[in-house]
Structure formats: structure tokens, C-alpha cells
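The structure is given below, and queries will be raised subsequently.
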2 protein chains.
Amino acid sequence: MNAPVKPLRRTRIQTEKRDLILNAALEIFSTHGFRGSTIDQIAEAAGMSKPNLLYYFRGKEDIHETLIEKLLTTWLEPLRELDDVRDPLVEIRSYIRRKLEMARDFPRESRLFANEILQGAPRILPLLEGELKLLVDEKVQIIRSWIKAERIAPTDPYHLIFSIWATTQHYADFDVQVRAVLGTDRGGEGRFEDAARFLENLYLDGLRPKT
Amino acid sequence: MNAPVKPLRRTRIQTEKRDLILNAALEIFSTHGFRGSTIDQIAEAAGMSKPNLLYYFRGKEDIHETLIEKLLTTWLEPLRELDDVRDPLVEIRSYIRRKLEMARDFPRESRLFANEILQGAPRILPLLEGELKLLVDEKVQIIRSWIKAERIAPTDPYHLIFSIWATTQHYADFDVQVRAVLGTDRGGEGRFEDAARFLENLYLDGLRPKT
DNA sequence: AATTTTTTTGACCGATTGGACAAACGTTAG
DNA sequence: CTAACGTTTGTCCAATCGGTCAAAAAAATT
């Protein structure tokens, strides 16, 4: 009967059910946003009653917060891996590939994040100005050193990173639009390979004809 | 006392108040999404009572629908203007500039659209598969002709368009994140000029060093 | 098997939501 | 001036919201 929310030790059922709830909540939150989602929806998607769900989480906010926290750790992983052990162009190409794979494999996480940012990042603004900015600033230094060494063309490192975020996450966040425009024939899973090839070409050589 | 919603002729007050409401609704919808916004919020932002607002629109859905319709006509204008009278690279550069200007001058419209797509485009999917796809297909033909004539490097026209949408709208939709990362010093209005310069370089020549 | 602990649920609550309505208030044309 | 029409608002309503609670059911412990 006692407080089940923050148990020092978790029972088997608790870990299982919490995961079940978080998965259902990710589905709902990522497609309707925070305010557009209801606890009842999440409970139904998780196959349990609302009071039962509230036995495992303090409330709607608690679920969302847990989800966002879990997301952010894995979300920035690709950028963390960007370092200067390999050739700069190979490094950037790898980063694009990894981000594109995340858009393909974790579209719900991408949309959850997009929803949060779109609405002014009310819950994670401090994190963006702190942890995220620090990480980006660090990688910007690496890119600057590449430019100084003339290993890549001179360019704005911040906007380079923004453009990679934008182009890759687009395939998760705007998936409906992408599929609608590509149509049934080209809208299959092959679109991610096409996107990877296109972005690779774009970031390496741009559009200007060689001849 | 009669139906004020679809009057054949509109009084001066009706046009004024409808505009006032639509402007307020754009502000609210674009930052909270459809379900996250309330009629009371919109009414307050428009400086009138809820029943008064409902005198001018049939309901929440009606306002949103009017907003989306009005948005789509102007939103695709830059793409419509893309033709092959000028040099392909100039044409693409102009398109990027125009889209970037729209992200700067109409961020609320961009976010309204992003919200709609993020949530699966429940209200405008037919339009995406119809009107939008037709327009894109038309422009894809132009780009293909450029490639065939070797006036731009061979590339995937669809993903080229997607990447331009993504990179430009990013500055409206993810504005909070962009500002947070750039910090107070570089986050001013100059960021749009920086972005324009970066994207121009990227799309023309890519990152590979010249030497 | 008996008991303790964890899990699940039905019923309920106050607050907020989108919207209806009639009455009051303004405006304006005759 | 006044009747007709356009505009505004206070009040109300049913539905839905997030969340509580006590009690039943199931599991785990002894």
C-alpha cells in the first residue's frame, strides 16, 4: 500500500510495467505533444487502467520528464562520438549517417524532442543552454581546427551542425510529408539510403558541376 | 442575431475582428499545437470574450482550418517561383534565400505547419499527397533537366528539395535551440545572414577543400 | 495455510474544456 | 427618434481532464 513511486529497490513487475508505460507514453506524447496527450490514452495504449498507471508514476508530468531525460542521454551520443581521429570528411560523413540511422530507428524520440522544442522547450531550456551548448562549443573547436589546417573548406561550424541536425531529423519529424511527396513507389524504406547518398554528395561537393 | 459565420457580405467590424482573432490564434496554435490551445487563451489574446469569439467563428476547428488554408497558399509561393529562366545555381540560391526570409519573417506560420505535420498531418494529408506532390514533381522535372544538361551536379531532386525545406525551416521551428546554442553574443538577428552565407557555400561547393 | 506486501480497479472529485443561449448593448438607416 | 440589425457578454452545460482513495485481487513471504 505504501509509496510505489520511488522505491529504493524495484520489483520485477515494477520494472516491466514502468517500461511498458514509458513505451506507450512515447507513442502518445510524440504524436500529440504533451498537452495534447491524456493519461487515459497512455493507459489504454499500455493496456492498463489509469489508476494502475498512476501507481507507477506520480503523474503525467513525471512520465514526460522521465521520457525526456532518457531521450537526451542517447540523443546526443552521435555528436559526442565526433572527434578528430579520422579524416574530417569521413568524420562528418559518419556523423550524418549515424543521425540518419537514429531518425530511421527512433522516429518517436525525434518527434518527442521536436514537439518539446517547437513549444519553446519549457522543460529543457536550461539543458539546451548548458549541457548542449557546451558539447556543441567543444565540437565547434574541432571543426575550426580542421578549417585552420585547410582540411575542410572554411565554413560556419555552428550552422554546419544545425544543417546536419535539420536535414537528418527532417526524415523523422516530417516523415508524413516526405512519404506523401515521394509517393508509394519511392516512399519505401529505400528513402533513407537515398537520403544518405544525397546528403553525402551535398556535404562533400555541393551542387556546382565539376566540368 | 442571425448566423454571423458565413455572411455573404462582411461588415467592417467583421473583417477587422476576424483578422484580430486569426492573428491571436496563430500565436497560440503555433506555440501550443491544436489540442494544447484553448479558445479562452485565443479569446484573451484577441482581447475579447469567448462567446464573442464564437460569434465570428463556428468553433476551434473552424479557426484552425481557416488558418491552415491561408497559410498553405503563401507557404508554397517560393517553390512556385522556382523556374528555369535564370542560371540553376542562382535559381536555387534565390529559393534558399526566400525560404530563409520566410523563416525569419513568418516563424509562427512555420511552426503552425510543423505542428500539423508532426502530428501526422491529420487535417492536410490529402493536400500533401495532391497539390504539394504535384508542385514538387513539376519542380523535380526542372531540376532533372538541369542535371541532364550538366548545369548542376547529378543529385536526387526530391532530397535536394527536402534538404532546403529542412535547413531553412529549422531556423523558425527550432529557434529556441538555435538561440540557446549560439548564446547571447551570436544569437542576434545576424544569425539569419550567417545561415544564408553558410547554406549558400554548402549548396554550391560543399565542404571539400579546394586545394 | 496464513499473513503480509504488492498490484489492480471502480467509483469518485474538482477543475477545465468547447460550446450554447438568451438577454443586454451599440450602431445605424429610415 | 426609433425600429431593425449587428455585436457583446454573463451564465450555464455536458464532456473530458488529471488525479485520489479505499477496497479488492494477486503475489510473495513466512
**Request:** Would you mind checking if A:Arg123 and A:Glu116 are paired as a salt bridge, meaning a charged N to carboxylate O distance below 4.0 Å?
**Result:**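 Result for this pair is yes, salt bridge flagged.
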**Prompt:** Roughly how many Å is it from OH in A:Tyr56 to P in C:dT6, rounded to a whole number?
**Reply:**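 For the pair A:Tyr56 OH and C:dT6 P, the rounded distance is 12 Å.
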**Message:** Restricting to ring-ring contact (aromatic ring centres under 6.0 Å, His included), what partner residues turn up for A:Phe174, sequence neighbours left out?
**Reply:** A:His170
**Message:** Tell me the interatomic distance from A:Leu20, atom CG, to C:dT7, atom P, rounded to whole angstroms.
**Reply:**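 Rounded to the whole Å, the gap is 14 Å.
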**Message:** From CZ of A:Phe57 over to P of D:dG18, roughly how many Å is that when rounded to an integer?
**Reply:** 16 Å
**Prompt:** Can you tell me how far P of D:dT7 sits from CD of B:Glu16, to the nearest Å?
**Reply:** 10 Å
**Prompt:** When every nucleotide of nucleotides 9-19 of chain C is labelled 5' to 3' by its protein contacts under 4.0 Å (heavy atoms), B for base, S for sugar-phosphate only, - for none, what sequence of letters results?
**Reply:** BBB-----SBB
**Message:** With rounding to the nearest 0.5 angstrom, report the CG to CG distance, B:Leu79 to B:Leu132.
**Reply:** 8.0 Å
**Prompt:** Would you call A:Arg191 and A:Asp194 a salt bridge, taking side-chain N to carboxylate O under 4.0 Å as the test?
**Reply:**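 No salt bridge links A:Arg191 with A:Asp194.
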**Asked** Does OP1 or OP2 of C:dT6 have a side-chain N or O of A:Gln14 closer than 4.0 Å?
**Response**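 It does not, given that no N or O in the side chain of A:Gln14 lies less than 4.0 Å from OP1 or OP2 of C:dT6.
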**Request:** Give a yes-or-no answer on whether the side chains of B:Tyr171 and B:Ser110 include a donor-acceptor pair shorter than 3.5 Å.
**Result:** no
**Interatomic spacing from OG1 in B:Thr168 to CZ in B:Arg98 - rounded to 0.5 Å** = 12.0 Å
